[in-house]
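Take a look at the following structure, please.
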Amino acid sequence: MSKDNSANILQEIISHAKEYGFVFPSSEIYDGLGAVYDYGQYGVELKKNIQDYWWRSMVQLHENIVGLDAAIFMHPKTWKASGHVDAFNDPLVDNKDSKKRYRADVLIEEAIVKMEDKITKEVDKAAKKFGETFDKAMFLQTNPNVLRNKEKITATEARFKAALEANDMAELRQIIIDLEIVCPISGTRNWTDVRQFNLMFSTQVGAVADESETIYLRPETAQGIFVNFLNVLNTSRQRIPFGIAQVGKAFRNEVVARQFIFRTREFEQMEMQFFVRPGTEMEWYNKWKETRMAWHKSLGFEESGLKFKDHVKVAHYANAAVDIEFNFPFGYKEIEGIHSRTDFDLTQHQNLSGKKLQYFDPELNESYVPYVIETSIGLNRTILAVLSNSYQNEKLEDGTERVVLKFPPFLAPIKAAILPLVKKDGLPEKAREIMDELKYDHLCFYDEKDSIGKRYRRQDAIGTPFCITVDHDTLTDNKVTIRDRDTMTQERVAISELRRIVGEKVDWRKAGR
RNA sequence: GCGGGAGUAGCUCAGCUGGUAGAGCGACAGCCUUCCAAGCUGUAGGUCGCGGGUUCGAACCUCGUCUCCCGCUCCA
């Protein structure tokens, strides 16, 4: 697929999502707010259905997983403990010629490594020259080249450290210039100013500014689970291994937030932290890897549209990490991450809070800080995946086209449309009767406007799996036709059977089958 | 932030060498219709992203500005 074509498909999906009430750009009447989106009448249903399905799959189907809904605001120390305060304050700098962006601290660190390499080379050279008589310790202490480089490293590190601690961006830039660091792409030293990038949004707690305290909007939901570990452990009668699941908003000041609802500054995560005995973490890591992949397949995603991608470089809190990637219109991108977080978070919280965050294991007769396997999926990304997987512009045999969203029935916003064939002869009244009965089980849609074909296509466009049509025969035989969205075929069934038939077809147990 | 593209009706877009806005689809109301968007009638909806300049006159030329989309580093 060409890049143009795939870009067009994303554009089509964005237009369709807006036109049919799935996703609207935020604050559109004020020219919009970049990379923020609102979910419309059908979007909110789709979102809720995906969320419910995840919750049921994780909490309802696993006796050893319980739910939690922790607040977005958390004690500031939380983020000190988690490492977010220190690890996600990246100074960024651009090379004006190559247009490439770098982390200023990484550039400087790399430069320091280069200096160290120089020393190593000098030592190797000398070792060759002097052979067996070579005294490495002596050489390191006396060789002028080595000493000069050593001095440079020490000086640079001191400057670097001081600049980082003082948050002095101008000084960081000056270090880059003084070290004569060049862009590996363009080879030039044409650098922009260094700018601080803060991952976390901060805000003030307290109505009076003077008395207020800066707190953060959580950048991940996980920490709410960790700080409640003891509370849940003490009240849920769960024993290790067990998990805590949570769905909620998280906020990150992304450098660039793009690609529709794929990467936004405000987003929703569906996370589960699974606490295990140390030493068994890889076993559970692999189990959750497979379990989560199977879940994605159950959404009707093509097997070829999903793949694992191991992290080469893992985050500061993890010892293993893998992404589940989905083939979006713009390529394979991460939709879920599975991390082995070790005992990093609980240990950190234990240290900072002074509370013992441990589990007494009766089998081992000892206490330990549990290890954690995290599954973390982006709800908004899943919505986009479901949308792009479902969106189809079909060419029909009769030469016409139709746009249809082939959602798995259990995810569809509207489960059934109730349509009187014509708007007279008592058909609307009969259709209303059916509507009033079915609406207690499912979200249904009543429509009597325009030709029946037009109404079918309207429902196709929002992914309604079933259209129930009341015709003249219905008045005497109490039967209706039920039209299948995907095959467009119809079946005549008794009204009394509708609840059962629709109920079975939209049952989430059907997922993946 | 840098580079590229684009802003005209809800959506997709047209609008000539500048002469103060149009289509299709959609929406709404009604008519007609016994099953797959294309029958008929009517209605609503736009200070052409915003501001300045040139001009008798700007959607169109010019300058500035804003917003959105795509790419780059970060991540669910």
Side-chain angles (χ1 to χ4, degrees), chain A residues 3-4 6-7 10-12 14-21 24-25 27-28 30-35 87-88 90 92-104 106 185 190 192-195 197 199 219-222 249-265 267-271 311 315 323-324 330 333-339 374-382 384 396-403 419-425 427 449-461 467 469-474 481 483 485 488-490:
Chain A
K3 217 160 199 175
D4 277 356
S6 56
L10 182 63
Q11 285 312 313
E12 278 180 38
I14 293 170
S15 295
H16 190 86
K18 186 189 169 194
E19 190 169 1
Y20 288 92
F24 304 130
S27 318
E28 203 185 4
Y30 292 110
D31 271 344
L33 182 61
F88 289 103
D90 301 335
L92 299 175
V93 64
D94 294 347
N95 182 273
K96 289 179 187 169
D97 299 309
S98 65
K99 312 299 178 198
K100 286 285 172 187
R101 165 167 295 175
Y102 300 91
R103 277 176 53 174
V106 171
I185 307 284
N190 194 4
T192 63
D193 286 343
V194 176
R195 289 177 316 275
F197 164 62
L199 173 97
E220 64 174 14
T221 55
K249 295 233 170 170
F251 305 84
R252 290 183 195 174
N253 229 336
E254 302 291 346
V255 180
V256 285
R258 290 268 168 81
Q259 274 149 342
F260 195 36
I261 54 174
F262 180 80
R263 183 182 289 118
T264 51
R265 296 193 170 93
F267 61 104
E268 208 141 351
Q269 292 181 308
M270 303 189 288
E271 288 196 330
H311 282 212
D323 291 339
I324 294 176
F330 38 86
K333 297 279 182 185
E334 176 181 11
I335 188 167
E336 172 155 6
I338 295 142
H339 291 240
E374 166 188 275
T375 72
S376 177
I377 170 171
L379 175 52
N380 316 80
R381 289 182 177 185
T382 310
L384 182 55
L396 301 176
E397 285 175 8
D398 63 3
T400 60
E401 292 181 19
R402 70 163 182 163
V403 173
L419 316 168
L421 187 57
V422 292
K423 198 171 58 176
K424 60 177 187 184
D425 304 336
L427 267 45
K449 172 87 180 145
D450 294 319
S451 74
I452 190 71
K454 215 169 214 176
R455 281 177 278 165
Y456 286 151
R457 298 300 171 87
R458 270 207 284 265
Q459 294 304 317
D460 289 341
C467 288
T469 306
V470 172
D471 57 31
H472 290 89
D473 293 338
T474 305
T481 58
R483 168 195 182 263
R485 175 196 65 202
M488 300 200 295
T489 54
Q490 286 173 291

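Per chain, numbering begins at 1; letters A, B, ... match sequence-line order.
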Taking the basic N atoms (NZ, or NE/NH1/NH2) and the acidic carboxylate oxygens, is any pair closer than 4.0 Å for A:Asp450 and A:Arg458? yes

Expressed in whole Å, how much space separates the C1' atoms belonging to B:rG7 and B:rG46? 14 Å

For atom C1', what is the distance between B:rU62 and B:rC25, given to the nearest Å? 36 Å

Carboxylate-amine/guanidinium proximity below 4.0 Å for A:Arg483 and A:Asp460: yes

Looking only at heavy atoms, which two atoms of A:Glu268 and A:Asn380 are closest? And how far apart? N-OD1, 2.8 Å

Tell me: CZ of A:Arg458 to P of B:rC25, nearest whole Å? 14 Å

Length of the line joining A:His339:NE2 and B:rA76:C1', which is rounded to integer Å: 8 Å

Under 4.0 Å between any heavy atoms, over every strand shown, what does A:Arg483 touch: base, sugar-phosphate, or nothing? Just pick one. base

In the 5'-to-3' direction, what one-character label does each nucleotide of nucleotides 4-12 of chain B receive under the scheme B = base within less than 4.0 Å of a protein heavy atom, S = sugar-phosphate only, - = no such atom? ------BSS

Rounded to whole Å, please give me the gap between CD1 in A:Ile14 and P in B:rC68. 13 Å

With both distances kept under 3.5 Å, what pairs with B:rC48, Watson-Crick or G-U wobble? none

What's the gap between B:rG49 and B:rU34 when it is taken at their C1' atoms, as a whole Å value? 50 Å

Taking every non-hydrogen atom, the tightest pair across A:Gly337 and A:His339: C-CD2, 3.9 Å

Find the distance A:Arg402:CZ to B:rG26:P and express it as a whole number of Å. 17 Å

Heavy atoms only: give me the nearest A:Pro219-A:Phe267 pair and the separation to one decimal. O-CZ, 4.2 Å

Taking atom C1' in both B:rG10 and B:rC66, what distance in whole Å separates the two? 23 Å

For B:rC11 and B:rG52, measure between their C1' atoms and round to the nearest Å. 33 Å

Strictly by Watson-Crick or wobble contacts shorter than 3.5 Å, is anything paired with B:rU67, and which nucleotide is it? B:rA6

Answer for the Watson-Crick or wobble partner of B:rU34, both distances under 3.5 Å, is none

What integer distance in Å separates A:Arg457:CZ from B:rA38:P? 9 Å

Measure centre to centre between the rings of A:Phe262 and A:Phe330, then say whether the value is under 6.0 Å. yes

Whole-Å gap separating C1' (B:rA76) and CD (A:Gln269): 5 Å

When you compare B:rA44 with B:rC35, how far apart are their C1' atoms, in angstrom units rounded to a whole number? 31 Å

Hey, does the side chain of A:Lys333 come within less than 4.0 Å of B:rA76's phosphate (OP1/OP2), counting only N and O? no

Rounding to 0.5 Å, atoms OG1 (A:Thr382) and CD1 (A:Ile377) come to a distance of 3.5 Å

Taking atom P in both B:rG51 and B:rA58, what distance in whole Å separates the two? 14 Å

Assert: residue with more 5' nearest nucleotide on RNA chain B, out of A:Met488 and A:Glu374, is A:Met488

Taking CG from A:Leu419 and P from B:rC36, how many angstroms apart are they, rounded to a whole number? 13 Å

Donor-acceptor contact below 3.5 Å, side chain A:Thr474 vs main chain A:Val470: no

Does B:rC61 have a Watson-Crick or wobble partner in any strand here, with both distances under 3.5 angstrom, and which is it? B:rG53

Of all heavy-atom pairs between A:Glu220 and A:Gln269, which one has the smallest distance, and what is that distance? CA-OE1, 3.3 Å

Name the nucleic acid region contacted by A:Ile335, choosing base, sugar-phosphate or nothing; use a 4.0 angstrom heavy-atom cut-off, strictly under. sugar-phosphate

Each nucleotide of nucleotides 30-35 of chain B classed B (base within 4.0 Å of a protein heavy atom), S (only sugar-phosphate) or -, in 5' to 3' order, makes B--BBB

Given that both distances must come in under 3.5 Å, which nucleotide forms a Watson-Crick or G-U wobble pair with B:rG1? B:rC72

Taking only the C1' atom of each, what is the distance from B:rG30 to B:rG22 in whole angstrom? 26 Å

Calculate the interatomic distance between A:Tyr20 atom OH and B:rG26 atom P; express it in whole Å. 8 Å

State, to 0.1 Å, how close A:Ala461 and A:His16 come at their nearest heavy-atom pair, and which atoms those are. O-NE2, 2.7 Å

Less than 4.5 Å apart, side chain to side chain, heavy atoms only: is that true for A:Cys467 and A:Met488? no

